[in-house]
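The block underneath contains the structure these notes are about, expressed in structure tokens.
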2 protein chains.
Amino acid sequence: MASSLERTFNCPVELALEVLGGKWKVVMLARLKEGPLRYAELRRLVPRMSEKMLTQRLRELEEQGLILRVTRPGAAKQAVYTLTQRGESARPTLQALYDWGVRIADEVGARIESPTPAKRRKTA
Amino acid sequence: MASSLERTFNCPVELALEVLGGKWKVVMLARLKEGPLRYAELRRLVPRMSEKMLTQRLRELEEQGLILRVTRPGAAKQAVYTLTQRGESARPTLQALYDWGVRIADEVGARIESPTPAKRRKTA
DNA sequence: CTGTATCCTTCAAGATACTG
DNA sequence: CAGTATCTTGAAGGATACAG
């Protein structure tokens, strides 16, 4: 649980970004806040992220106490990731980032991938 | 005004972090949202940031339209940085990050430098 | 399905010296 | 005062192959 948070930060915002920052974590959290997800589901929902990154960020989020990893052994291995209480506590922050992101995406002319592909086994 | 925002992002949150992310910009914005600041004042308020970083981030924030740089020529050169309208629009987001940062700083046991040194010419 | 292990590239950031 | 200019390094991220 130590991770690298045991430093001195210039301000609380810097700390928040240390946890949420980087290229992928907030994207993953944005998905996980919709509900628990398996490894493969996350991979499908964030296709541009390499598996290495996916695993690394999952471990990091777990270490920081934002997500919980539950495995269910069996023929087909399963690993389910859910937000912890602390992860849940980030909701308003993520929402604020989301709202502001939408706003300036328009202003700046940035493109956003796809709002929420939702899950579908077969298109038909 | 182009900068590097003209990409495709996985979600709005990623875009928001592209603008606010990195090690220093939010710290600078946290100061600037208290009011206009000169170059030297910013340097003093964020002493751990090298001058190179300070200048680079200032230029970037300017390019992204979050801050405005106004120079007043004269014997002693002056450069004053203020938030633009877009910069102001980030207030709620920065506040959300701040609040959450305070919360988990406590939980995780992270140290925060100094709340707000405020400006003082002489201590007495 | 759920990951590890490597290798490689790029870039943010740090240190420091210098300028108009 | 308000910056530039270099040089260097570490970490982040990407691609891809392999494994239980």
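Labels below follow one simple rule: chain letters A, B, ... track the order of the sequence lines, proteins then strands, and each chain is numbered from 1.
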Worksheet item: What is the distance, rounded to the nearest whole Å, between atom CG of B:Leu20 and atom C1' of C:dA12?
Response: 17 Å
Discussion item. Could you tell me how far apart B:Gln56 (CD) and C:dA15 (P) are, to the nearest whole angstrom?
Written reply: 14 Å
Worksheet item: Does B:Arg38 make a side-chain N or O approach to OP1 or OP2 of D:dA2 shorter than 4.0 Å?
Response: yes
Discussion item. Taking atom CZ as the centre, does A:Arg72 end up with more than 12 heavy-atom neighbours from other residues, nucleotides or ligands that are less than 6.0 angstrom away?
Written reply: no
Worksheet item: Can you tell me how far P of D:dT4 sits from CZ of B:Arg43, to the nearest Å?
Response: 13 Å
Discussion item. Determine whether a donor-acceptor pair (one donor, one acceptor, N or O, separation below 3.5 Å) exists between the side chain of A:Lys52 and the base of D:dG14.
Written reply: yes
Response to the item:
note: B:Arg72, atom CZ; D:dC1, atom C1'; distance rounded to Å ~ 14 Å
Discussion item. Same cluster or not: B:Leu68 versus B:Val19, using hydrophobic residues (I, L, V, M, F, W, Y) connected whenever any side-chain heavy atoms lie under 4.5 Å apart?
Written reply: no
Fill in: A:Glu60 with A:Arg57: basic N within carboxylate O range, under 4.0 Å
yes
Worksheet item: Contact class for A:Lys77 (heavy atom, under 4.0 Å): base, sugar-phosphate, or nothing?
Response: base
Item to complete: Counting heavy atoms from C-beta on, name the nucleotide in D:dG14, C:dT2, C:dA13 closest to the side chain of A:Tyr39.
Response: C:dT2
Practice prompt. Give A:Glu51 one of three labels, base, sugar-phosphate or nothing, depending on what nucleic acid heavy atoms sit under 4.0 Å from its own.
Written response: base
Fill in: Presence of A:Arg48 side-chain N/O under 4.0 Å of D:dG13 phosphate oxygens OP1/OP2
no
Worksheet item: Reckon B:Tyr81 has a side-chain N or O less than 4.0 Å from the OP1 or OP2 of D:dG3?
Response: yes
Discussion item. If the cut-off is 4.0 Å, is A:Arg69 near the phosphate of C:dG3, judged by side-chain N/O to OP1 or OP2?
Written reply: yes
Worksheet item: Between A:Arg59 and A:Glu62, is the closest basic N to carboxylate O distance under 4.0 Å?
Response: yes
Worksheet item: What integer distance in Å separates B:Asn10:CG from D:dG13:C1'?
Response: 13 Å
Practice prompt. Could you check how far NZ of A:Lys23 sits from C1' of D:dA11, rounded to whole Å?
Written response: 15 Å
Worksheet entry | 5' precedence on DNA chain C between B:Met49 and A:Thr71 (nearest-nucleotide basis) | A:Thr71
Worksheet item: Within the pair A:Arg57 and D:dG13, is there a side-chain N or O less than 4.0 Å away from OP1 or OP2?
Response: yes
Response to the item:
Here the distance between atom C1' of D:dC1 and atom CG of B:Leu37, to the nearest Å, is 15 Å
Worksheet item: Heavy atoms under 4.0 Å, any strand shown: does A:Ala79 hit a base, just sugar-phosphate, or nothing?
Response: sugar-phosphate
Item to complete: Have a look at B:Ala40 and say if it touches a base, only the backbone sugar-phosphate, or nothing, with a 4.0 Å heavy-atom cut-off.
Response: sugar-phosphate
Worksheet entry | Spacing of B:Met53 atom CE relative to D:dT8 atom C1', expressed in whole Å | 13 Å
Worksheet item: Would you call A:Arg7 and A:Glu14 a salt bridge, taking side-chain N to carboxylate O under 4.0 Å as the test?
Response: yes
